[in-house]
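Order of the sequence lines fixes the chain letters, A, B, ..., with proteins taken first and strands second; residue numbering starts at 1 for each chain.
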Protein chains: 2
Amino acid sequence: MSRSNRSAALRIEQQAQVFAALGDPTRMSLVTKLIDGKPQSISTLTAGSKITRQAVTKHLSVLENVGLVSKIKDGRESLYELDPKPLLSLQEYLQIISSQWDNALNDLKRFVED
Amino acid sequence: MSRSNRSAALRIEQQAQVFAALGDPTRMSLVTKLIDGKPQSISTLTAGSKITRQAVTKHLSVLENVGLVSKIKDGRESLYELDPKPLLSLQEYLQIISSQWDNALNDLKRFVED
DNA sequence: ATTAAATGCAACCATAATGTTGCATATTAA
DNA sequence: TTAATATGCAACATTATGGTTGCATTTAAT
């Protein structure tokens with residue numbers, strides 16, 4: 001496999017991990033809760049949830065592992081803060097896919113009309 | 001739970017499923033292979049892969065279940081075609097998150113400057 | 001100094017996801 | 001009509017995921 005294929009495979013792997021991290025309703029709502037920019041503690045993020053604090057902790061770790069949140073120790077609390085960079089990366093990816101799709105449609109159209 | 005919360009939860013669940021469907025490198029590359037608009041058979045999509053045809057078939061089913069591809073029987077072949085609608089939906093979602101994030105940053109800026 | 005609150009860590013369980021193999025069936029080609 | 005191709009179906013093994021419980025540890029409040 002060429003160097004470029006290796007790094008492309010790496011990029012795909014990373015993107016896939018971010019997609020996977022968002023591929024769970026609990027984690028999507030955690031992201032939503034953090035969207036206002038205020039770092040929040042595990043207890044706060046767990047409040048009102050139907051699952052245990054430890055489950056929420058695991059979900060936060062998944063998000064942290066793909067760089068979607070970062071953890072800040074503050075006294076006895078662990079605050080989590082959103083980092084939207086990986087989301088921007090996904091947007092770019094979807095953008096590329098969409099534009100390629102548009103091109104494919106145009107090509108098809110031209111082919112049919114000729 | 002209110003009606004609006006119920007349907008919001010449904011939407012989140014659906015979006016999460018699409019994210020999850022893309023959350024695997026094999027499925028991401030299947031999507032990439034189909035981006036030119038040409039429906040392709042399972043055998044074609046499996047060629048050059050390191051996993052078996054049956055594994056690819058399962059991945060295609062995952063994509064089909066969230067509406068990212070559709071299956072067309074043609075003789076003895078099963079052709080799969082990309083449907084980008086769910087991708088557009090994800091783009092919208094990410095767009096909303098991004099804009100809310102920008103708002104939060106602006107609010108914070110204003111707060112600090114006051 | 002005690003008590004309460006917030007986490008961390010680890011073991012454990014149930015279920016889902018990923019992949020394989022083997023065989024049956026349907027279509028096309030020779 | 002025989003052989004080759006493409007797929008479908010089902011059982012199985014392995015590992016990952018999502019969740020729980022119990023207990024220890026650290027920090028804050030009385």
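For residues 54-87 of chain B, no residue pair satisfies the ring pair (Phe, Tyr, Trp, His ring centres under 6.0 Å) rule, not counting sequence neighbours. The list of ring pair (Phe, Tyr, Trp, His ring centres under 6.0 Å) pairs with a residue in residues 83-103 of chain A, not counting sequence neighbours, reads F19(A)-Y93(A).
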Indicate every side-chain donor-acceptor pair of residues 63-75 of chain B with a distance under 3.5 Å to a residue at least two apart or in another chain.
residue: N65(B); atom: ND2; partner: S61(B); partner atom: O; Å: 3.3

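Atom P of nucleotide dG19(C) and atom CG of L30(B) are separated by 11 Å, given to the nearest angstrom. Rounded to whole Å, atom P of dA6(C) lies 16 Å from atom NZ of K71(A).
Residues from residues 12-29 of chain B that place a heavy atom under 4.0 Å from any atom of DNA chain C, listed by number: D24(B), R27(B). Taking a 4.0 Å limit (strictly below) on heavy-atom distances, residues 62-69 of chain A does not reach DNA chain C anywhere.
Here T52(A) lies in heavy-atom contact (under 4.0 Å) with a base.
Across the helix from dA1(C)-dT30(D) to dA30(C)-dT1(D), the helix axis at one end is tilted relative to the axis at the other end by 20° (nearest 10 degrees, each axis from five pairs).
Evaluation of the side-chain contact (heavy atoms from CB on, under 4.5 Å) rule for A47(B) yields no partner, not counting sequence neighbours. Residues satisfying the side-chain hydrogen bond (donor to acceptor under 3.5 Å, both in side chains) test with S43(B), not counting sequence neighbours, are none. D83(B) meets the side-chain contact (heavy atoms from CB on, under 4.5 Å) test with K85(B), P86(B); sequence neighbours excluded. With sequence neighbours left out, the side-chain contact (heavy atoms from CB on, under 4.5 Å) criterion links I12(B) to P25(A), M28(A).
Rounded to the nearest 0.5 angstrom, D102(A) CG and I97(A) CD1 are separated by 11.5 Å.
Counting heavy atoms from C-beta on, the side chains of L90(A) and L90(B) never come closer than 4.5 Å.
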Please list, for nucleotides 28-30 of chain D, all pairs of protein and nucleotide N/O atoms separated by less than 3.5 Å.
residue: dA28(D); atom: O4'; partner: R76(A); partner atom: NH1; Å: 3.4

Just the atom pairs and distances: protein N or O near nucleotides 22-25 of chain D's N or O, under 3.5 Å.
residue: dG22(D); atom: O6; partner: Q54(A); partner atom: NE2; Å: 3.2

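In this structure, the nucleotide among dT7(C), dG18(D), dT20(C) sitting nearest to the side chain of E77(A) is dT7(C).
At the phosphate of dT7(C), OP1 or OP2 sits under 4.0 Å from a side-chain N or O atom of S43(A).
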